[in-house]
S.K.: 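Quick one: this structure, given as structure tokens, is what I'll be asking you about.
Because only heavy atoms are used, hydrogens play no part in the values below, and waters and symmetry mates are left out as well, while side chains stay in. Numbered from 1 within each chain, the chains take letters A, B, ... in sequence-line order.
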There are 2 protein chains.
Amino acid sequence: MKHSRQSLRALRVVDPPNIFGGIPGLEARWEDYREFFRRIEFPAKAVLLREGEIPSKVFSVEKGCLRTAIDRNGKAITTQFFFENDVVASIESFRSGRPSQISILSVEPSIVVVLQKRGFEALLRDFPDMKDMLLELLFRRFEAYARLFASYLTLTPRQRYLALMKSDPRIIERVPQHYVASYLGITPVSLSRIRKRIRSRST
Amino acid sequence: MKHSRQSLRALRVVDPPNIFGGIPGLEARWEDYREFFRRIEFPAKAVLLREGEIPSKVFSVEKGCLRTAIDRNGKAITTQFFFENDVVASIESFRSGRPSQISILSVEPSIVVVLQKRGFEALLRDFPDMKDMLLELLFRRFEAYARLFASYLTLTPRQRYLALMKSDPRIIERVPQHYVASYLGITPVSLSRIRKRIRSRST
DNA sequence: AATCGACGTTATCCATTGTTAAGAAATTCA
DNA sequence: TGAATTTCTTAACAATGGATAACGTCGATT
């Protein structure tokens, strides 16, 4: 019962997307760039980008949930989750043109706006604000990364889970538990135990 | 026997520095920018930037070793080490102008080239290549971060230590062990045990 | 030389995780 | 609906990390 990667369904070309939070001036010239965008529907567990491939697309989640994962000696671990309106790309490989270190996969059946690399580059070329937006986005991601990283160094798995419940309950509500476990850096078994302890001990 | 932060010794203005890997065209116009650079000597354990302060400088290690650290409920943990020719800044706060989440400290007595924020901004303004270099630098850091992050999710402390021995032996050779421990996210006691196990078991 | 402080090691005790295996519960799909 | 798959839970065992305390070592200072 595997989902073949070919069974994608390209839907009609989208309206000016809110990908990248809206680029000033894009809407007016939308016809020139429309062709670079596609709206595609993926089933759950579809592979949008496979580790080792050269990325050629940027994704924006319109509906559903995606995750990024890396394969570390056989074990797939999830590094991030993405929900509605989040932008996803193997950002550093996309730029460098080298094989991606990460995979991008769907968690739920999802509708995704796909921006071709050529389109991305055209936008970057034609809209001067894009570069600053990109920098800004990188800086923000950086900060979030640093914060997350720090939490891994200082918090116990139990504390991380509790923190996650507060900071992003969507993950716990919508994502299968074993993905959450790998996101927390622990085994599904251990997460199950932690949840039990929380249930009984403190609630 | 505290090192007062005032006991710094500003040395003569440097030659065109290799900070940021050399900016095309800077050397020719060096006189205009010289004033923004200082070379300063710090004793070990000096505080170059304190958590909560608004960062106003970028540092480049000329000799010695710096580290970045965050304070997580009373416990200082080290997030990165920097050696000769590394560039150090509280990158996201530097940009946003908000209080720094991290501290920057010297590990060894160090000689550091300090670039004032005004100078940094002047360079960014006057040399178009700077923005691309900055983007490139960010992308690379990003990749490194992602890789490190992944290693924390997948490796045991013991494996992380072994990996560190391979990937950056300078850290283990030059940095006091308890800093390494906090860098690995474990206690000094635990690191000591791990080292012992490695010594006896495999070696 | 004696002292002080910083750093590293070792031991003990307790809590937690990983591993493996088995079974229950929930979902998917035919 | 019923079967197959996936996901979650629980148990038992071994290994490891955190906390604490005691001790040793080294270097700097007086």
S.K.: In this structure, how many angstroms lie between the C1' atom of C:dT16 and the CD atom of A:Gln159, rounded?
M.R.: 13 Å

S.K.: Can you name the closest pair of heavy atoms from A:Leu164 and A:Ile172 and give their distance?
M.R.: C-CD1, 3.9 Å

S.K.: Which part of the nucleic acid, if any, lies within contact of B:Leu191, taking any heavy atom under 4.0 Å across all strands shown: a base, the sugar-phosphate backbone alone, or nothing?
M.R.: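 Nothing: the residue B:Leu191, judged by heavy atoms under 4.0 Å, touches no strand.
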
S.K.: May I ask you to say what B:Ser192 touches in the nucleic acid, namely base, sugar-phosphate or nothing, with a heavy-atom cut-off under 4.0 Å?
M.R.: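 Base contact.
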
S.K.: Under 4.0 Å between a Lys/Arg side-chain N and an Asp/Glu carboxylate O for B:Arg34 and B:Glu31?
M.R.: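 Here B:Arg34 pairs with B:Glu31 in a salt bridge, since their nearest N and O are under 4.0 Å apart.
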
S.K.: Across the strands shown, which category fits B:Thr187 at heavy-atom distances under 4.0 angstrom: base, sugar-phosphate, nothing?
M.R.: sugar-phosphate

S.K.: Does NZ or CZ of A:Arg67 come closer than 6.0 Å to the centre of the six-membered ring of A:Tyr179, within 45° of the ring's axis?
M.R.: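 Pair A:Arg67/A:Tyr179 counts as cation-pi.
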
S.K.: Does A:His178 have a side-chain nitrogen or oxygen under 4.0 Å from the phosphate oxygens OP1 or OP2 of D:dT6?
M.R.: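 Result: no.
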
S.K.: Just to be sure I understand the rule, does B:Arg193 reach a base, reach only the sugar-phosphate, or reach nothing, if contact means heavy atoms closer than 4.0 Å?
M.R.: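 Result for B:Arg193 = base.
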
S.K.: Is the shortest heavy-atom distance from the side chain of A:Lys57 to the side chain of A:Gln116 under 4.5 Å?
M.R.: yes

S.K.: Is any side-chain N or O of A:Arg195 closer than 4.0 Å to OP1 or OP2 of D:dT9?
M.R.: yes

S.K.: C:dT9 phosphate, OP1 or OP2: any side-chain N/O from B:Gln177 under 4.0 angstrom?
M.R.: yes

S.K.: Can you measure A:Ile186 atom CD1 to D:dT16 atom C1' for me and round it to whole angstrom units?
M.R.: 16 Å

